[in-house]
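There's a structure below that I have some questions on.
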Amino acid sequence: MKINKAKKKLSIENKIFYIFNTLFWIVIMFMILYPLYLVLIASFSDPDAIVKGEVIWHPVDFSFIGYKAILKYGEMLHSYLNSILYTLTSVIISILVTLSGAYVLSRSKFFGKGVLNFYFVFTMFFNGGLIPTFLVMKDIGLYNNPLIMILMGCVSVWNLMVARTYIQTSVPQELYEAAMLDGADHFQYFFKIVIPLCKTIIAVLAVYYGVSKWNDYFTGLVYFRDREYLPLQTVLREILATLQVDKSGDYMLSMSENAASMNEAVRIANVAKYCIIIVATGPVVVLYMFMQKYFEKGVMIGSLKG
Amino acid sequence: MGKRMKKVKQRKKKVSIKAQMKNQWQLYLLILPAVIYFFVFNYMPLYGIQIAFKDYKAVSGIMGSAWVGLKQFTTFFHAYYFKRLMINTFLLNVLYLLCSFPIPIILAIFLNQIRGEKIKRMIQTSIYVPYFISTVVLAGMLYIFLSPTSGILNVIREMFGARAIDFMSESSMFRGIYILSGIWQSAGWGTILYIASLAGVDQSLYEAAEIDGASIWKKIYYIDIPSIIPVIMMVFILDCGRLLSSDTNKVLVMQTAGNIPTSDIIGVYVYNVGLGSGQFSYTAAIGLFINIINFVLIISVNRISKKMTDVGLF
């Protein structure tokens, strides 16, 4: 009788918890997703409705005006292509360098392992700082050179360690011994056996490196003089600088050749800024969604022991 | 029979060690690109640090410029904006750390209590999304939503008859906006480690607790929280180590003429004055000063934590 009562009390208590938890997550999900949703619906709305604050739950006067307008901003398209190029080449280089480095660090026996580990980890705690780095890059000819956008940040110590832990825990040691017995050398073992077993971590690295490269505006801001090299995010920052004073229309007018009039340009700018956000963020979110199934597994395996 | 097996095994082992030694050069070749990368992008800039003790002139270059000792440092310590920069940098980071740190822990604990794998996965997938948004786009969204003329927040304020506020130009609002937007962007992502370690908790603990009649709150308090404490400590040390290297990139895009009194932090100052007005030696000295503080900070936090809880990074 008593036990039953206690059980009943407990189940009520737990029920209250679940109700609370459900409400909690509804609120959290709303706070996280609503801003994104708002940008999405605004990008398909009519600029006048946006300015009047009518766009809150769904697109108003559905239109593609904004998207059509940004197609005409020559510089944005150009920088978009730049960003795609920078990101693709950089990610391929990053993955190759990181994986081969991680493979070496995962081998238990080789001379100089301790020194190398220190060599890498030290860079996490101390660096030259912005100005010395800038001057040295200038001295070696990487200023205003597209290579800087591809190379800078293309290996991260953190990712190197995550990949090393992954190889240590997920590629069985027996495979290594068997391969060595069959007379394989490190090259053959690494390219023919380790890489095919590393699909998960490759996906994780691709997302990490790809996102940080795509989202980087600072390197472009600091290291490029010629506008033709600028990546998308750096160009976006300039548009943004004009958003501060609600004058984005000027910028768009100066960039688009066909804008009918100043007023029209300002009007369209009100919706175009939402479209720019969607277009700039889209590739990253799509990449994440594609890689998502590998993602959690890889991140967890890599980081738990690291 | 047994003996022969042993012999074969021994020979096998010998062969593998021999093969390993023979191919060592391949290992060095494989790691060479990473070594070169860090040499060029991390160690060569260390050589450039010397300009903090020099008076850098572009014509004479890094090596050729004249030594001035600690002049750049003393100039900075005596500058009228020294105190402001230090306070802004310190406050922004400490407040951000204090406000943002507990949130991923809370999210992870409550996410762990959701029944139904599908919903759990869906929530997990969506709370990571903001992390993939770039700094520039995040700041753009802030400018749009907080705009005094058409921003949704001001539209709502006006509906209730309140006056519109230009949030991004209010220096008193800057820290709050920085912190809240930072939490929005990274709290979900921050749950990954906690979720992973919660998933590793021994299920029999929960079953035992259930038999003893523990409610969910009690299970959270007595099982979940103690089991993630080591991870919490580890993340905390890492965060403390980054205490003064706040997100310069983000502050730089959020800075407006109006909010400069609170948004002027050391990283942004170094960018503006160093690259903007070409005072390379002076800003290199400021950067070095901050780097040293950070270095000392992470080493001491690590020491303290090792002594108190036995959790350390190195």
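In the text below, chain A, chain B and the rest are named by the order of the sequence lines, each starting its count at 1. Please read all numbers here as calculations on a predicted model, not as lab measurements. Basis for what follows: all heavy atoms, side chains included, without hydrogens, waters or symmetry-related copies.
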**Study point:** Nearest heavy atoms of A:L151 and B:Y37, plus distance in Å
**Key:**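 Taking A:L151 first and B:Y37 second, the nearest heavy atoms are O-CE1, 3.2 Å.
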Practice item. For the pair A:F20 and B:F110, name the ring-plane relationship: parallel under 30°, tilted 30 to 60°, perpendicular over 60°. Key: perpendicular
Check your understanding: Looking at B:Y271 and A:L130, what are the two nearest heavy atoms and their distance?
Key -> CA-CD2, 4.0 Å
Exercise for review: Could you pull out all residues at least two apart from A:K15 that satisfy salt bridge (Lys or Arg N to Asp or Glu O under 4.0 Å)?
Suggested key: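 Result, salt bridge (Lys or Arg N to Asp or Glu O under 4.0 Å) vs A:K15: none returned.
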Practice item. Could you check if a side-chain atom of A:N215 sits within less than 4.5 angstrom of a side-chain atom of B:I133, using non-hydrogen atoms only? Key: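 No, side chains not in contact.
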Practice item. Mind running side-chain contact (heavy atoms from CB on, under 4.5 Å) on B:S126 and A:I32 for me, showing each step along the way? Key: CA-CA 8 Å; B:S126 26; A:I32 289 177; 5.7 Å; no
Check your understanding: Rounded to the nearest 0.5 Å, how far apart are CG of A:N127 and CG of B:N294?
Key ->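 Rounded to the nearest 0.5 Å, the CG-CG separation comes out at 9.0 Å.
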Point to revise | A:F187-B:W25 aromatic ring centre distance below 6.0 Å | key: yes
Review point. To the nearest 0.5 Å, how far apart are OG1 in B:T135 and CZ in A:R237?
Key: 11.5 Å
Practice item. Look at the rings of A:F122 and B:F295 and say which category their plane angle falls in: under 30° parallel, 30 to 60° tilted, over 60° perpendicular. Key: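 Rings of A:F122 and B:F295: perpendicular, over 60°.
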Review point. Is there a side-chain contact between B:V136 and A:T234 (heavy atoms, below 4.5 Å)?
Key: no
Check your understanding: Using non-hydrogen atoms only, which part of A:F111 is less than 4.5 Å away from chain B: side chain, backbone, both, or neither?
Key ->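 For A:F111, the contact with chain B is made by backbone and side chain together.
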Check your understanding: Is it true that B:Y131 and A:Y288 have ring centroids separated by less than 6.0 Å?
Key -> no
Check your understanding: Looking only at heavy atoms, what is the nearest atom pair of B:P45 and A:P132, with distance?
Key -> O-CB, 3.6 Å
Check your understanding: For the atom pair NZ (B:K250) and CZ (A:F218), what is the distance rounded to the nearest 0.5 Å?
Key ->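 Reported value, rounded in 0.5 Å steps: 15.5 Å.
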Check your understanding: Is it the backbone or the side chain of A:I28 that comes under 4.5 Å from a heavy atom of chain B, or both, or neither?
Key ->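 For A:I28, side-chain heavy atoms alone lie under 4.5 Å from chain B.
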Review point. Is there a side-chain contact between B:M141 and A:K273, using heavy atoms and a 4.5 Å cut-off?
Key: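 Of all side-chain heavy-atom pairs linking A:K273 with B:M141, none is under 4.5 Å.
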Practice item. Taking all heavy atoms of B:L107 and all of A:W25, pick out the closest pair and write down the distance. Key: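 Looking at all heavy atoms of both residues, the closest pair is O-CZ2, 3.3 Å.
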Review point. Can you list the residues that meet the ring pair (Phe, Tyr, Trp, His ring centres under 6.0 Å) rule with A:Y143, with sequence neighbours excluded?
Key: A:F134
Point to revise | Exercise: identify the closest heavy-atom pair between A:I277 and B:G140 | key: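 Where A:I277 meets B:G140 most closely, the heavy atoms are CD1-C, 4.5 Å.
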Review point. Taking C-beta and beyond as the side chain, do A:D139 and B:M44 meet within less than 4.5 Å on heavy atoms?
Key: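 No. Closest side-chain heavy atoms not under 4.5 Å.
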Check your understanding: Say you draw a straight line from CD1 of B:I31 to OH of A:Y119; how long is it, rounded to the nearest 0.5 Å?
Key ->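 Rounded to the nearest 0.5 Å, the CD1-OH separation comes to 10.0 Å.
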Check your understanding: What are the two closest heavy atoms between B:Q26 and A:H186, and how far apart are they?
Key -> OE1-N, 2.8 Å
